[in-house]
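Take a look at the structure set out below.
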Amino acid sequence: MIELQHVCVDFSGAGSSATRAVDDVSLHIKAGEIFGIVGTSGAGKSTLLRTLNALQRPSTGSVTINGTRISDLQGVALRTARQRIGMIFQHFSLMHTRTVAQNVAFSLKAAGWERAKIAPRVAEILDLVGLTDKANRYPVQLSGGQKQRVGIARAIANHPDVLLCDEPTSALDLETSATILALLKEINARLGITIVLITHEMNVIKTICDRVAVMSGGKVVEMGEVFDIFAHP
Ligand code: ADP
Ligand code: ADP
């Protein structure tokens with residue numbers, strides 16, 4: 001479903017310094033799986049994740065999603081392809097001057113939904129993430145876990161095939177993290193959305209991922225079933 005072939009990302013620095021943030025990564029992520037990418041800070045996880053929705057272009061190599069080479073798309077074709085890919089962030093990235101419902105509705109408007117269909121879909125998705133009673137609150141009135149539920153609601157409202165998660169629980173306490181991971185698992189199981197998640201927390205990988213790639217210095221240094229990679233000494 002998601003195919004990365006020999007992806008490299010180079011950042012040119014000042015003078016002669018340059019960083020190869022992603023170094024020749026090839027991956028095949030299957031439809032319906034929860035795929036984790038783990039590694040220490042600076043390993044290249046975030047840069048790699050951003051190539052999946054073309055927020056970051058590979059310097060060389062290609063990214064293909066459902067047969068479309070997203071790494072080559074521009075303009076309308078890219079915007080259309082991106083509508084099939086939701087994303088959530090460590091610090092939630094909500095719009096602070098809009099209510100919970102308006103945050104979710106905004107993504108549907110951007111995706112071209114008919115006005116009359118937006119309110120019922122917002123209500124449905126807020127019910128799914130357990131925020132019906134917070135629809136008219138502003139982000140500042142919510143806990144961290146509730147903010148991430150809004151982030152998830154916004155990301156999945158338009159029925160994406162893929163949900164990209166950038167350190168989704170790193171700003172949350174352990175207990176709240178567990179509830180967010182359970183919600184992601186439920187979304188994967190009930191809606192069949194493929195999840196690609198990056199984290200520096202091994203616990204997150206062990207809790208919900210089916211397969212994992214371990215990154216170091218821009219390279220994938222190990223990959224396989226979570227059980228096989230972490231269950232044995
Ligand atoms: P991780 O997500 O694993 O912490 P990143 O993908 O953020 O790693 O970063 C990988 C490397 O690329 C780091 O050395 C980082 O400093 C560098 N890097 C990331 N983004 C940029 C950028 N926009 N410009 C220059 N260097 C960058
Ligand atoms: P705008 O004037 O920008 O359309 P609105 O205040 O009308 O802003 O809200 C935007 C959208 O958010 C509405 O069209 C509606 O679909 C949705 N919305 C607002 N409040 C709720 C709510 N309590 N439950 C479900 N959807 C809501």
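Index from 1, following the sequence.
T80 contributes a side-chain N or O that, together with a main-chain N or O of V76, makes up a donor-acceptor pair within less than 3.5 Å. Using modelled atom types, one side-chain atom of N103 and one backbone atom of R98 make a donor-acceptor pair closer than 3.5 Å. Between the Q148 side chain and the P168 main chain, a donor and an acceptor come within less than 3.5 Å of each other. Checked by atom type and distance alone, the side chain of N188 pairs as donor or acceptor with a backbone atom of I193 at under 3.5 Å. The backbone N or O of Q102 sits less than 3.5 Å from a side-chain atom of T99, completing a donor-acceptor pair. In this structure a side-chain-to-backbone donor-acceptor pair under 3.5 Å is present from T199 to E201. Side-chain N or O atoms of R57 include one that pairs as donor or acceptor with a backbone N or O of S71 at under 3.5 Å. Between the T194 side chain and the A31 main chain, no donor and acceptor come within less than 3.5 Å of each other. Judged by distance alone, with hydrogens and angles left aside, the side-chain atoms of T64 form no donor-acceptor pair with the main-chain N or O of R69 at under 3.5 Å.
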Step-by-step side-chain contact (heavy atoms from CB on, under 4.5 Å) determination, T60 to V9:
CA-CA 7 Å; T60 58; V9 178; over 6 Å; no
Worked check of side-chain contact (heavy atoms from CB on, under 4.5 Å) between V162 and L52
CA-CA 10 Å; V162 182; L52 301 186; 5.9 Å; no
Would H200 and V38 count as a side-chain contact (heavy atoms from CB on, under 4.5 Å) if you check the C-alpha gap in whole Å, the side-chain angles of each, and the deciding distance to 0.1 Å?
CA-CA 5 Å; H200 64 277; V38 69; 5.8 Å; no
side-chain contact (heavy atoms from CB on, under 4.5 Å) for M215 and L48? Distances and angles first, verdict last.
CA-CA 10 Å; M215 279 190 90; L48 183 68; 3.8 Å; yes
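Inter-residue side-chain proximity for V226 and C209 is flagged as met; some heavy-atom pair is nearer than 4.5 Å. In this structure the side chain of L131 reaches within 4.5 angstrom of the side chain of Q146, judged on heavy atoms. Using a 4.5 Å cut-off on side-chain heavy atoms (C-beta onward), Q5 and S62 make contact. For the pair L27 and V7, the minimum side-chain heavy-atom distance is 4.5 Å or more. Within the 4.5 Å cutoff, the side chain of I65 has no heavy atoms near those of the T68 side chain. Side-chain atoms of I37 and L197, non-hydrogen and from C-beta on, never get closer than 4.5 Å to each other. A 4.5 Å side-chain heavy-atom check between L4 and H28 finds every atom pair outside the cut-off. For the pair V122/V100, no side-chain contact is recorded, criterion being any heavy-atom separation below 4.5 Å from C-beta on.
Taking each heavy atom of T176 and G145 in turn, the nearest pair found is CG2-CA, 3.4 Å. G144 approaches L172 most closely through the heavy-atom pair C-CD2, 3.5 Å. Minimum interatomic distance between G218 and V25 (heavy atoms only, all atoms of both residues): O-CG2, 3.5 Å. Scanning both residues, R20 and C8, for their nearest heavy atoms gives NH1-SG, 3.8 Å. Here the shortest heavy-atom pairing between N158 and R84 reads O-NH1, 4.0 Å. Here the closest heavy-atom approach between residue V63 and residue P58 is recorded as CG2-CG, 4.2 Å.
Separation of atoms CG (L126) and CG (D133) is listed at 9.5 Å; rounding is to 0.5 Å. The distance from the CD1 atom of I34 to the CD1 atom of I195 is 4.5 Å, given to the nearest 0.5 Å. Within the model, atoms CG of L174 and OG1 of T169 stand 9.0 Å from one another, a figure rounded to the nearest 0.5 Å. Distance check, rounded to the nearest 0.5 Å: OG1 of T19 to CG of D10 gives 8.5 Å. With rounding to the nearest 0.5 Å, the separation of CE in M202 from NZ in K206 is 6.5 Å. The CG atom of D166 sits 10.0 Å away from the CG atom of L55 when rounded to the nearest 0.5 Å.
Cluster membership check: L49 shares its hydrophobic cluster with I70, using side-chain heavy-atom separations under 4.5 Å among Ile, Leu, Val, Met, Phe, Trp and Tyr. By the criterion of side-chain heavy atoms lying less than 4.5 angstrom apart, applied directly or through intervening Ile, Leu, Val, Met, Phe, Trp or Tyr residues, V129 is grouped together with V150 in one hydrophobic cluster. Note: the hydrophobic cluster containing L164 does not contain I152 (ILVMFWY, side chain heavy atoms under 4.5 Å, direct or indirect links). Taken together through direct or relayed side-chain contacts under 4.5 Å among Ile, Leu, Val, Met, Phe, Trp and Tyr, V196 and L163 form parts of separate hydrophobic clusters. Hydrophobic clustering (side-chain heavy atoms under 4.5 Å, transitive across Ile, Leu, Val, Met, Phe, Trp, Tyr) keeps L181 apart from F35.
Identified under the side-chain hydrogen bond (donor to acceptor under 3.5 Å, both in side chains) test for residues 31-55, with sequence neighbours left out: E33-R211.
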Donor-acceptor contacts under 3.5 Å from residues 85-97 side chains, at least two apart:
none

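Applying the side-chain contact (heavy atoms from CB on, under 4.5 Å) criterion to R121, with sequence neighbours excluded, gives L108, W113, E124, I125, H159.
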